[in-house]
2 protein chains.
Amino acid sequence: MKKITIADVATYANVSKSTVSQYLNKRYDYMGADTKKRIEAAIKALGYSPNIIARSLKQKSTKTIGVIVANILHVFSTQVIRAIEDYCNASNFHVIVCNADDDPMKEKRYIEMLRAKQVDGIIAFPTGENIDLYQGLLEENYPFILMDRLVPGVAMDAVLLDNEKAVHLAIEQFIKAGYKKIGMISPPMEQPVTPRRERMEAYKTALKKYGIEFRPAYLASGEITDMHIRIKEMLTLADPPEAILALNDRVLFELLQYTKDHQVQIPADLAIIGIDDVSFASFYSPTLTTIAQPAFDMGKKAAQLLFNQIQGDSRSETNVYRFAPQLMERESC
Amino acid sequence: MKKITIADVATYANVSKSTVSQYLNKRYDYMGADTKKRIEAAIKALGYSPNIIARSLKQKSTKTIGVIVANILHVFSTQVIRAIEDYCNASNFHVIVCNADDDPMKEKRYIEMLRAKQVDGIIAFPTGENIDLYQGLLEENYPFILMDRLVPGVAMDAVLLDNEKAVHLAIEQFIKAGYKKIGMISPPMEQPVTPRRERMEAYKTALKKYGIEFRPAYLASGEITDMHIRIKEMLTLADPPEAILALNDRVLFELLQYTKDHQVQIPADLAIIGIDDVSFASFYSPTLTTIAQPAFDMGKKAAQLLFNQIQGDSRSETNVYRFAPQLMERESC
DNA sequence: CTGAAAGCGCTTACAG
DNA sequence: CTGAAAGCGCTTACAG
């Protein structure tokens, strides 16, 4: 089945390609009512649908953006993507989703491929490496928004959780409940990605704020696959923590698995707060106190910022937008 | 900053555009070593990167596919997308993700837009309406794979869970544990989407197989927002079910919330099995018996099938691939 | 071994 | 009010 083009429509309607193009772009200002009707009929008769690729080539806009996440399997990423997609959809934009898996090489390749495909802009959860690449993008004024993570030394627009506040909310909640021996578990700190770094810092400053000394043994970080070992080490200390803050949902899962396997009573034996409002928080036993991230608002904001840049709003200054976390007070602390 | 094109590279390297193009496409067969080196140098010096849109226009392939899900927030969809993306990435393809929200109008618009953007093929969780649209695609031989759901009367390649088996596994497990009063809860049956319809059918045939009479009161379906009401109605019957099969994760959440709120003991008061192996199944109290779907395998298969179609493998016959569910035996039954 | 020319399917000044 | 022509940035026979 031969693809039918604007030329076919023009022939059929007995007008020129230009006129058909005018019609398609809704510039009817000077178009004869009759011409219009003929074109309309021709399009319907032939079942014509324009080739957007050809248009993109000329107009230098693909109405497509790229979103590079670490891993779409993380609930937070999924929510952010959904919000972005909704926003794009309203403007007839499409979104290409890429998983960089925290691999700088993969990230680089995706960015280059997306640019070669002429996407109008990119929103990324950056690995934090590839600093030169990001710096180049910035200097070029290429529309780009950082999500969840910052790139050291690169002043791009970004939307992040107020990580400091998130941790302070949690620690404050522990303190209010009378806990002083407060531990924290986190993914690998060797990958000093913004949320981990900031939450770690905040953990220390929050403890200090309440006059509690920081104890390295109360801080466990490592690969998810080894997390249960780290947790065991911490909870079998001679003087173990009475409360633990889980830095994100993945790590919380490991902690809950451990407490389940070893019959640790929550909160009697161990109080728990997790960052990320997991789906089962309200019907787990006990219900789980969490710190919720406004993922949808964050995704929407990122999309708005990107569109501003795409529409060429003079990037007067770079901004880092911090979103407020929310304490979901339940039974685990 | 002016975009630099193949013409710039040609001028810089003192060759023709054709030659640069040959180089880019790695057709070096007859290329002088010196020419090659000059082009290489020019590309590096100018920081040239090809415009894939222009290439796509000529080659009629965008190396991009579309994936239309009902809602990316469903874990199953996310896993399927991840598998598809991985597969595509290996062939340098990109994937555009769309959420149709079970809205046939939205689905139609997405399909039309994706085609206008010349994507090489589409994988969709179809709404089940838009039958003519699908039929047209099929007749045109447009690369298209159905995922999770079938379109009535349209013989396209599809990958689905073996829903009948999934339900039989669950009912069998209930029977083995001595339950005979077995209920089921599901999303709205007014939307007779394949998994719901097939699971519902299988529920009836499975009961019959064990000589149990089907009782309409033991079947609750409705909007998620009203699910707790349906559940309450069922569990406050004079003769309530002793076991409930949750048709998917969303509905399981509602059930668990209900049992939590009303202190229903699992499995003492009520045995539960859910289709979809939810993230917290292994550390919930009690741990949850589930039926797992091989989402990653299914996504990968869909991608493979789509690529076969894209590469023009004569579509000798249409196939519906059924994937085996797996019983994850835990404590809730 | 390399280049000139046509063409992919559109859009966009510009002329009339 | 409408059309001829050039051009977007590539690729691809074809000629030499």
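Order of the sequence lines sets the chain letters (A, B, ...), proteins ahead of strands, with each chain counted from 1. All values below were derived from every heavy atom in this structure, side-chain atoms included, with hydrogens, water molecules and symmetry-related copies excluded.
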Expected output: side-chain R322(A) to main-chain L161(A) donor-acceptor under 3.5 Å: yes
d(CG, N51(A); C1', dG7(C)) in whole Å: 14 Å
Atom-to-atom span, CZ of R55(A) to P of dC10(D) - whole angstrom: 21 Å
5' precedence on DNA chain D between S18(A) and L57(B) (nearest-nucleotide basis): S18(A)
Mutual orientation of the aromatic rings belonging to Y87(A) and F307(A) [parallel < 30°, tilted 30-60°, perpendicular > 60°]: perpendicular
Nucleotide dT11(D), atom P - distance to CG of L24(B) in whole Å: 6 Å
Separation of dC10(C) C1' from I39(A) CD1 (nearest whole Å): 15 Å
Watson-Crick or G-U counterpart of dA4(C), or none if no pair lies under 3.5 Å: none
Sugar-phosphate only, base, or nothing, as touched by K60(B) at under 4.0 Å among non-hydrogen atoms: sugar-phosphate
Short side-chain N/O contact from S21(A) to OP1 or OP2 of dT11(C), under 4.0 Å: yes
Length of the CD1-P vector between I6(A) and dG3(D), whole Å: 12 Å
Q22(B), nearest nucleotide to its side chain (from dT12(D), dG9(C), dC10(D)): dT12(D)
Distance test, side-chain N/O of Y23(B) to OP1/OP2 of dT11(D), below 4.0 Å: no
Base-pairing assignment for dA13(C) (Watson-Crick or G-U wobble, both under 3.5 Å): none
Side-chain N,O (T35(B)) to OP1/OP2 (dT2(C)) below 4.0 Å: yes
Whole-Å distance separating the NZ atom of K17(A) from the P atom of dC8(D): 15 Å
Any donor-acceptor pair under 3.5 Å from S56(A) side chain to S61(A) backbone: yes
Among dG9(D), dG7(C), dT2(C), the nucleotide that comes nearest once only the side chain of K58(B) is considered: dG7(C)
Comparing Q59(A) and I53(A) on DNA chain C - which has the more 5′ nearest nucleotide: I53(A)
salt_bridge(R149(A), D102(A)) N-O dist < 4.0 Å: yes
Touch class at under 4.0 angstrom, heavy-atom based, for S56(A) against every strand present: nothing
D34(A): which of K37(A), K36(A), R38(A) passes salt bridge (charged side-chain N to carboxylate O under 4.0 Å, His left out): R38(A)
